[in-house]
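Proteins come first, then strands; the chains are lettered A, B, ... in the order of their sequence lines, and each starts at number 1.
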Number of protein chains: 2
Amino acid sequence: MPTHAKPLRRDAQRNRDLLVAAARDLFATRGLDVALDEVARTAGVSSGTLYNRFPSRNDLIDAVFADRTATVARIAEHALEMADPWDGLVHFLERVCELQAADRGYNDLVSRRVPQVAPPSEDHARGYELMQRILARAREAGALREDCTLEDMAFVTWGIARTVEATGAVRPQAWRRHLALLLDGFRAAAAHPLPEPPVRPEELVRIMRECSP
Amino acid sequence: MPTHAKPLRRDAQRNRDLLVAAARDLFATRGLDVALDEVARTAGVSSGTLYNRFPSRNDLIDAVFADRTATVARIAEHALEMADPWDGLVHFLERVCELQAADRGYNDLVSRRVPQVAPPSEDHARGYELMQRILARAREAGALREDCTLEDMAFVTWGIARTVEATGAVRPQAWRRHLALLLDGFRAAAAHPLPEPPVRPEELVRIMRECSP
DNA sequence: CTGAAAGTTGATGGAATAGTCAACTTAGCT
DNA sequence: AGCTAAGTTGACTATTCCATCAACTTTCAG
């Protein structure tokens, strides 16, 4: 319920907006590791203001990408409305990967940072639930292989993240080929026994936590 | 033919070996971005000596991983000796990924640095040739999908690299599952039309060049 | 043994970035 | 208008790392 607990003074709110906008641009083009001083300079405020508003880099990252979890959840909802379960899964993964390909900062975030907001938000839980439904539906339709779990989707995120990083400058769409190959591996018809048990949900949580630098 | 053009003085050679050994260890456990000062300290020499012997970080990286290209070529040869073409391909990719999983520095190298030695070595060309044969053989046997190219193998390298980074601490073998899923996507039986034309060889060269920081 | 070339040292400079804080400015309430 | 809490500033410290170099030490050929 507390979207923000305390109301900011008007100039403070304006500066906050400028900072988030500047960070959004810089993150998108240069990744999450841009110098914070540069964010402040781009926003036209002093570095002290930035640190005052966002004590740590992660706070700024959270603010910039606050809406993304909800966006993913919306994509998932749309995917569930598609008639064909397999098409729904494909659509979901394609749209999410498009988000990665379009924003270097978001690509960094999903591939190596801790999930955005510290306390797993409501949107987060909703997205999780929706993804489960997308997979279950595709599995029950006989399109998705039986042994494929939600955690396996992390391989998509990680793999595509690196491909986007590597190929972005030369062949910005190359990741679509990578994804298509992975997707063919997800099909029930393609299934051969997997050599390693699935990553368990709590393991994935630990992985994402430890991943953050 | 010039393995090294000029013979080093004995103490210089000893220090060089110490530096390479120290770098090998540090790269393996902490990645390619360790501070060069720390490499020197670990080797027990001064930083001046390190810079004297290896003017740039890449020179040191080259020295540490000089043998890897030949190792990959040997793996490829072994793969070609296997009776079943598909098993050969699987074996090759598994062994190469094992190299990535075993050494964080090598994982960094294949996933984001320029191919080791500046002038593409003889081993390099040989490895390339052998990989082509591995793929052709699997394709002709009807096991590998027709539309899969050598450049598509880069998706394996990139994807597994990121998965190894992410999961290494919690589930060191998780990459095997990722690889198995990808491999199922490479099977001829799984093939559905790919949405994006293959990355061309010269594009891959550019990608690998531009990727280096 | 000796001299000169080769090699080493570590202090030093310099660049980039994170983070702090005392002095100053401004919004907004009364 | 006047006051005060909230906010801003930018210079400052600290850290980390890369890179250099003049003075010193070691190797080794003759």
Specify the separation, in whole Å, of atom [atom1] of [X] and atom [atom2] of [N].
| X | N | atom1 | atom2 | value |
| --- | --- | --- | --- | --- |
| A:Arg16 | D:dA6 | CZ | C1' | 16 Å |
| B:Arg10 | D:dT26 | CZ | P | 13 Å |
| B:Leu50 | D:dC21 | CG | P | 17 Å |
| B:Asp11 | D:dC24 | CG | C1' | 14 Å |
| B:Asn52 | D:dT27 | CG | P | 16 Å |
| A:Leu18 | D:dT9 | CG | C1' | 16 Å |
| B:Asp33 | D:dT16 | CG | P | 16 Å |
| A:Tyr51 | D:dG10 | OH | P | 16 Å |

Let me know, please, whether B:Val34 or B:Leu8 comes out on the 5' side of the other along DNA chain D by nearest nucleotide. B:Val34
Results of salt bridge (Lys or Arg N to Asp or Glu O under 4.0 Å) for B:Asp11 - residues two or more places apart only: B:Arg9
Range on DNA chain C touched by chain B - first to last nucleotide, heavy-atom distance under 4.0 Å: C:dA5 to C:dA11
Could you pull out every donor-acceptor pair under 3.5 Å between side chains of residues 46-53 of chain B and any protein atom, sequence neighbours left out?
| unit_1 | atom_1 | unit_2 | atom_2 | d |
| --- | --- | --- | --- | --- |
| B:Ser46 | OG | B:Gly48 | N | 3.3 |
| B:Ser46 | OG | B:Thr49 | N | 3.4 |

Only counting residues at least two apart or in another chain, list the ones meeting side-chain hydrogen bond (donor to acceptor under 3.5 Å, both in side chains) with A:Arg139.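 Once residues adjacent in sequence are excluded, A:Arg139 has no partner under the side-chain hydrogen bond (donor to acceptor under 3.5 Å, both in side chains) criterion.
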Return the set of residues passing side-chain hydrogen bond (donor to acceptor under 3.5 Å, both in side chains) with B:Asp87 (not counting sequence neighbours), or none when no residue passes.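 For B:Asp87, no residue satisfies side-chain hydrogen bond (donor to acceptor under 3.5 Å, both in side chains) once neighbours in sequence are set aside.
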When you check the side-chain N and O atoms of A:Gln173 and A:Arg176, is any donor under 3.5 Å from an acceptor?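 Side-chain D/A pair, A:Gln173 to A:Arg176: present.
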For a quick test of your reading: what N or O donor-acceptor pairs under 3.5 Å do the side chains of residues 129-137 of chain B make, sequence neighbours left out?
| unit_1 | atom_1 | unit_2 | atom_2 | d |
| --- | --- | --- | --- | --- |
| B:Arg137 | NH1 | B:Met82 | O | 3.0 |
| B:Arg137 | NH2 | B:Ala79 | O | 3.2 |
| B:Arg137 | NH2 | B:Met82 | O | 3.1 |

Sugar-phosphate, base or nothing in reach of B:Asp37, heavy atoms under 4.0 Å: base
If you look at every strand shown and take non-hydrogen atoms under 4.0 Å, does A:Arg9 touch a base, only sugar-phosphate, or nothing?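 Contact class for A:Arg9: base.
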Please report the shortest heavy-atom distance between B:Leu19 and B:Ala40, naming the atom on each side.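 Nearest pair, atom of B:Leu19 first, then B:Ala40: CD2-CA, 4.0 Å.
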